[in-house]
Amino acid sequence: MKNIFKGSLVALALILSSVAAKAQEAGGTLAFLVQPEPPTLASYVSTSGPIGLVMPKVYEGLFDYDNDGKMVPMLAESYEMSADGKTVTFNLRKGVRWHDGEPFTSADVKFTILEVLKKVHPRGPNSFREVSRIDTPDDHTAIFHLDNPAPYMMRSFSAYESPMVPMHLLEGQDIKSAPLANNPVGTGPFKFVEWKKGQYIRLDKNEDYWQEGLPYLDRIVGRFIPDASTRTAAMENGEVMYAAYNAIPNIDAVRLKERDDIDVTTDGYSMINPMALIEFNTKEGPFVDPAIRRAISTAIDRRFMIDTIFFGYGKPATSALSSNYKATNLHAEMPNYPETGDVDAANAMLDAAGYARDGDGVRMRAVLDIIPYGEDWRRAGEYLKQAMGDIGIEIELRYEDVPTWLKRVYHNYDFEMNVNYFYQLPDPVLGVHRHYGTNQIRQGTHFVNSSRYSNPELDALLDSGSKEPDAAKRTATYQEIQEILANDMPVVNLFELEFLTVYNTELKGAYGSAMGAYGSFREAWLED
Amino acid sequence: MTRSSKIFRFVLKRLLQGIPIILAIVIINFFLLNMADGDAVDVLAGEAGSATPEYMAELRAKFGLDQPLPVQLFVYLKNVVVLDLGYSFRHDMPVSELIVDRFWPTALLMVSTILLAVGFGILLGLLAAMRLNTWKDAVITVFALITYATPLFWVGLMMIVVFSLNLGWFPTSGMENVAAFYEGWDRVKDIAVHLVLPTITLSLFYLALYTRMMRASMLEQYGQDYVITARAKGLTERRITFVHVLRNALLPVVTMAGVQVGALIGGSVIVESVFAWPGLGMLAFESLFARDLNLLLGIFLLSSVLVIVVNLIVDIIYSLLDPRIEVS
């Protein structure tokens, strides 16, 4: 907790000093880490992490969000929502041009939302599902007509989540294979120059950026360094100045933090909201009975996992929803989520449910799959094996490579329990519903309801949660949802991950957006 | 028949013999790679966060992954015959373009490594053999043993700690200074500076190998009858060593160097990843996890051609070193 507090204080101090001092220096090249190398640059087709690090510097959204979650006007200057929540009018910024010189207009917005994001973006069909029509009475006004109120939609206009793309370069083409993908043309503060495979992506300053005087930097270079120790060395040497999403592993970050020229923050991830969890196969195998899943959740010492494996960066989960939803009053603490684990209670639950131990003290055996994203998760798996051993569940660990693991869990449902993490995003409709709804049992689609949990009562609640415009009623609905999930536990949440951003203190002004590393860096500058 | 036409015929014959070998390598690799679970579409969709089954089926059809394996193999072979290595769907680029782009960094690293390792290996081995059982011999032998036994990635990281972080002589990683983007001769100098640490790291292991081999080979030759004859003739030790023994002692080292070109690509995966050197080894490593089979097959094809060509060159060097060995 101390670290979080310290991290946010530092970030706050930096923002304040950059505002107060007004000593921003223009010029310079910012080299930062992009890990791993992105598969493509089409941020309107893929939400893959490394794409998010690069593309919000090139494409912009209608709004950005500051660290308090407030909307910051970007391509839209303002919006008005009708009383019934079904009509939203956006007033677009005038005088904005694409990097190729064409003007940005309401037609681009309409095309981006309806033809691109709603059709080919992984999350767009969900974010904009209520949008049935967009009127464009003039070049600078876009009126969204919704079938039902969609409060969560207003949280998804960032450059990372919903980038505005040029209609004149996509219209009439197959959007997924259009050449714009790797030759991006946006409205953002930086222009795409070159992608040298295996080395770097280079972005240069957009001299005609719509906001006078921005950006400060002449150039941004995203570097790919595959080896974690070398990434740390490059950071120490000042060859790169910014590394987000644990590109520098926690074990090194806590060491680098001690240096005067390097600091660490956990800010900039609240819109991503990552949650570590265990998915259970609720249809076959040893975990069909919810009593066992409740016992497992009760037995796990979440505090130990965070402190020992993740160097104190993380918050114990207390419900199916992240505590970051407290901002919108949707989070409530639930039973079966003890912070430090209660082995005796868990054993009592299993005894009561009639699962007796055999001669070796084993009640049941199972295989635990582990998300193949690095050593930390392997260690988490080793801890879970031990913790579940304490309540008589003998675990065998399985660690495969990414394609094999995805196929096993989301295509073949050939798993019993699976350690994973999900982005809960700024609203449960966007990040959490996909985990539990019956309509989210979509074989072959990744990161949806692989537990195959299906509960009509819950489905109805999820549906009303996504359409309810009244904040108080919404709070009550999600209270009920969390109660059901704390009892049935198709998924046991472990802890809220806190990703680390490691940065050189010479880099200022890059920390004001809730999008963090997925932000535009338009106000970033280097102090000599 | 003249000597040069003999060599020409030999090269031609060996190249023709290489074709079925390469074909076999391609076919075996193809089936081996297809035994792995999951395909490129799974990885792409997994990274994207979410994708509908319809979209994934569409991608598979586009990539030709929905065809039965023998059909895919047939299509691939048909393309290879006309030197078309196919398309990398992950990188959205033709495989040949990608490989050529990444081949030069690897070639640079390999050539400088071989020169350094073979050159210094021969020199140190020679020195050790000439100063047998003196302190110089002991130092060289111990040095060779230690470098041979040290894991490459550790050497690489220690190099970075000492020469980049502490001394600040060389950059930690990469091939070019991305803050400067030099051009012309400055760029050549910049790349050379970036090349130093990876080359030393990769060559240390091979250096040790060649040193030990050269030393043993020299000692073996010293015991041969022709050396006794030469001494009886009254030749100086210097002449015996450099004119008679050295030439014969080089043969096994050259053989080894030829065989190891293939292994060098494997070793370069580690060095490339530690130093973020944008070569083929890294590309192969990444494509495996991305299930980018077209690209992997292309890289394997290139390395098998490379090994065959290098071995051919080694055979020719042989006949130059020792005229008794004829090319036939």
Side-chain angles (χ1 to χ4, degrees), chain A residues 28-31 36-40 45-51 120-123 125-126 176-177 179 181-182 196-200 202 219 221 223-227 229-231 233-234 236-237 239-240 372 400-408 410-411 423 434 442-448, chain B residues 36-59 62 90-93 98 101-102 105 153 156-157 160-161 164-165 168 171-181 270 272-280 282-283 285-286 288-291:
Chain A
T29 296
L30 166 67
E37 183 166 0
T40 130
V45 179
S46 173
T47 49
S48 173
I51 303 179
V120 301
H121 190 271
R123 300 197 280 255
N126 204 11
K176 285 176 215 146
S177 61
N182 291 335
K196 201 98 172 115
K197 298 263 178 179
Q199 297 192 64
Y200 57 81
R202 169 175 164 185
R219 184 178 294 157
V221 180
R223 280 192 62 189
F224 321 128
I225 302 179
D227 187 86
S229 310
T230 313
R231 288 199 291 275
E236 279 191 83
N237 225 16
E239 289 173 38
V240 293
E400 298 170 318
D401 76 349
V402 176
T404 314
W405 172 75
L406 286 173
K407 189 128 203 156
R408 175 184 297 285
Y410 294 103
H411 293 237
Y423 288 169
R434 59 184 167 143
R442 298 152 68 193
Q443 187 161 17
T445 301
H446 303 141
F447 306 116
V448 289
Chain B
D37 256 334
D39 59 24
V41 175
D42 283 321
V43 182
L44 279 175
E47 286 171 337
S50 255
T52 61
E54 298 78 44
Y55 174 46
M56 288 169 69
E58 196 184 301
L59 272 184
K62 193 178 132 196
R90 183 181 180 77
H91 293 275
D92 214 3
M93 270 167 92
L98 268 172
D101 203 33
R102 300 291 282 269
F153 76 91
L157 290 177
I160 291 178
V161 168
S164 298
L165 293 187
T172 59
S173 55
M175 194 165 109
E176 284 182 71
N177 183 336
V178 295
F181 286 108
I270 297 167
E272 283 175 15
S273 99
V274 168
F275 290 100
W277 189 260
L280 273 185
M282 254 341 283
L283 190 64
F285 187 69
E286 285 160 10
L288 179 62
F289 288 100
R291 295 287 189 274

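Lettering follows sequence order; numbering is per chain, from 1. Side chains are part of it too, since the values below use all heavy atoms of this structure and drop only hydrogens, waters and symmetry mates.
Under the side chain to side chain contact (heavy atoms under 4.5 Å, CB included) test applied with A:Asn237, the options B:Pro171, B:Ser173, B:Ser164 reduce to a single match, B:Ser164.
Looking at A:Arg231, there are no atoms closer than 4.5 Å to chain B (heavy atoms on both sides), in backbone or side chain. For chain A, the nearby part of B:Leu157 is the side chain; its heavy atoms alone come within less than 4.5 Å. For chain B, the nearby part of A:Gln443 is the backbone; its heavy atoms alone come within less than 4.5 Å. Looking at A:Thr404, both its backbone and its side chain come within 4.5 Å of chain B, counting heavy atoms on both sides. Contact annotation for A:Phe224: only backbone heavy atoms (N, CA, C, O) come within less than 4.5 Å of a heavy atom of chain B. Contact annotation for A:Ala233: both backbone and side-chain heavy atoms come within less than 4.5 Å of a heavy atom of chain B. For a residue to count as touching a neighbouring chain, one of its non-hydrogen atoms must lie under 4.5 Å from one of that chain's; by this rule A:Arg202 touches chain B with the side chain only.
Here CZ of A:Arg223 is found 10.5 Å from CD of B:Glu176. Values are rounded to the nearest 0.5 Å. Interatomic distance, CG of B:Leu98 versus NZ of A:Lys197, reported as 6.0 Å (0.5 Å rounding).
Formation of a donor-acceptor pair under 3.5 Å by the A:Thr230 side chain with backbone atoms of B:Val274 is found in this model. Panel note: side chain A:Glu236, backbone B:Leu165; no donor-acceptor pair is recorded below 3.5 Å.
Here the side chains of A:Lys196 and B:Pro278 are not in contact, with every heavy-atom distance at 4.5 Å or above.
Among the candidates A:Ile225, A:Thr29, A:Asp401, the residue making the largest number of heavy-atom pairs closer than 4.5 Å to chain B is A:Asp401.
Minimum interatomic distance between A:Pro226 and B:Met282 (heavy atoms only, all atoms of both residues): CG-CE, 3.5 Å.
Qualifying ring pair (Phe, Tyr, Trp, His ring centres under 6.0 Å) partners for B:Phe289, counting only residues two or more places apart in sequence or in other chains: B:Phe285.
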